[in-house]
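Structure record follows, encoded as structure tokens.
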Amino acid sequence: MKPSLPAQPNHIAILRLSALGDVCNLVPTVRALQRQWPNARITWIIGKGEHSLLAGLSGVEFVVYDKSTGLSGMRAIWRELADTRFDVLLHMQQAIRASVLSLGLKANVRVGYDKARAKDAQHWFTQHQLAPHENAHVLESFMDFARLLGVEDDRLEWNLAVPAVAYEEARAISGDAPYLVINPCSNARLRNFRNWSVEGYASVIEHAWVQHGLKSVLTGGGSPLEREMGDHIEALCQSGSVINAIGGTSLKGVLALIDNARAVIAPDTGPAHMGNAMGTPTLGLYATTNPQRAAPYLWRDFAVNAYPDAVRTYLHKSVDEVSWGQRVRHADAMDLIKADDVIAKLDALLAHTAAQTTTGPSDES
């Protein structure tokens, strides 16, 4: 007989290690749990890089796992939490590493994804599973955990912690002129083809500079691929139109840059969801992943969506014929995104947000 879900949890554990975009999408679930049970402790077991992004999140105790430490790092966490028993463990990571880590945590009840959404046999490691939710956005899938526990107030709230020093860092990079943030690269993973073209970004930067008077600040990690791409983009742009900060910022500094930007442009990668979390207008570039599942949640209508074309071109199917999480793993798929389409979306996004600034947000937003 499986244990019951707690009606009034005193201590909630969240297990979600990665990635940057996903942990941003999870924060509204944390806020919903806090509204429902303001006196409950929330312990979030999180990855090292993800913690550097969310450090200082109010009302949350973090336990940090560095995946490079492997099993020894897991044992260290088990020792740290040896005297802790959670009322409920929300197992939100669909990876065997996280499931193994979960085995050493003490909890009265463990909640995971329903079988349709679970990967790596995650449902074998939990006692309660979410109700089925077809075609759910990643953010909605996280919120389903709160709903299963009985939370009804699922309005979206982030309130990420950004220290003053991060805003100082950002201003030193951007100066006082208005700007866009462009994060051109996604994480380098095997067959993870999410990066758009150098020429495409350069065309958008030119348009933003000439037509809108906006500089573009390039952000990203310090990998050779990202630095090389940033240098190539910068070489194609007018002097003064672009600031190349790739490899030169902290994650909190990127949050501050995003907070003060007119808009963010990025493929399916962390800064797109960081922009969403900060309330900054965000234009996502999607061809290899489905934007209905993974685009910046508040700005899905402004995503450039070449995914149906990519599915048709490289999988020889329609979107309705592939699974909800199907990726198009082809190196040329992002080339289906045309600069004119991105420019048109950027113009629409800037016009939309300018109108909101003038008239105030609509009831829908």
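Side-chain atoms are counted along with the backbone in the values below, which use heavy atoms only and exclude waters and symmetry mates.
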Any side-chain to backbone donor/acceptor pair from [X] onto [Y]? Under 3.5 Å, distance only.
{"X": "T126", "Y": "Q129", "answer": "no"}
{"X": "R110", "Y": "S102", "answer": "yes"}
{"X": "R117", "Y": "A136", "answer": "no"}
{"X": "Q34", "Y": "S58", "answer": "yes"}
{"X": "D87", "Y": "N10", "answer": "yes"}
{"X": "R31", "Y": "W158", "answer": "yes"}

field: Contact list for residues 247-260, test side chain to side chain donor-acceptor pair (under 3.5 Å), sequence neighbours left out
entry: Y167-D259, E169-S250
task: In plain terms, say whether K338 and D341 are close enough for a salt bridge, that is, a side-chain N and a carboxylate O under 4.0 Å apart.
output: no
- prompt: Between K106 and D83, is there a salt bridge with N-O shorter than 4.0 Å?
  reply: no
Polar contact flag, side-chain donor to acceptor under 3.5 angstrom, E140-Y297: yes
- prompt: Side chains of H11 and T43: donor-acceptor distance under 3.5 Å anywhere?
  reply: yes
message: Parallel, tilted or perpendicular: which one describes the rings of H137 and H273, with boundaries at 30° and 60°?
response: perpendicular
message: Angle between ring planes, H352 versus F302, binned at 30° and 60°: parallel, tilted or perpendicular?
response: tilted
task: Decide ring-ring contact (aromatic ring centres under 6.0 Å, His included) for F125 and H91; before the verdict, give the C-alpha distance in whole Å, the side-chain angles of both, and the deciding distance to 0.1 Å.
output: CA-CA 9 Å; F125 296 83; H91 186 352; 7.0 Å; no
query: Does some side-chain heavy atom of I14 sit less than 4.5 Å from a side-chain heavy atom of T29?
result: no
field: Residue pairs, two or more places apart or on separate chains, that pass salt bridge (Lys or Arg N to Asp or Glu O under 4.0 Å) and touch residues 61-78
entry: R41-E61, K48-D66
task: Mind checking ring-ring contact (aromatic ring centres under 6.0 Å, His included) for F145 and listing every partner two or more places apart, or none if nothing turns up?
output: Y113
task: Over all heavy atoms of both residues, which pair between M229 and C185 is shortest? Give the atoms and the distance, please.
output: SD-SG, 3.2 Å
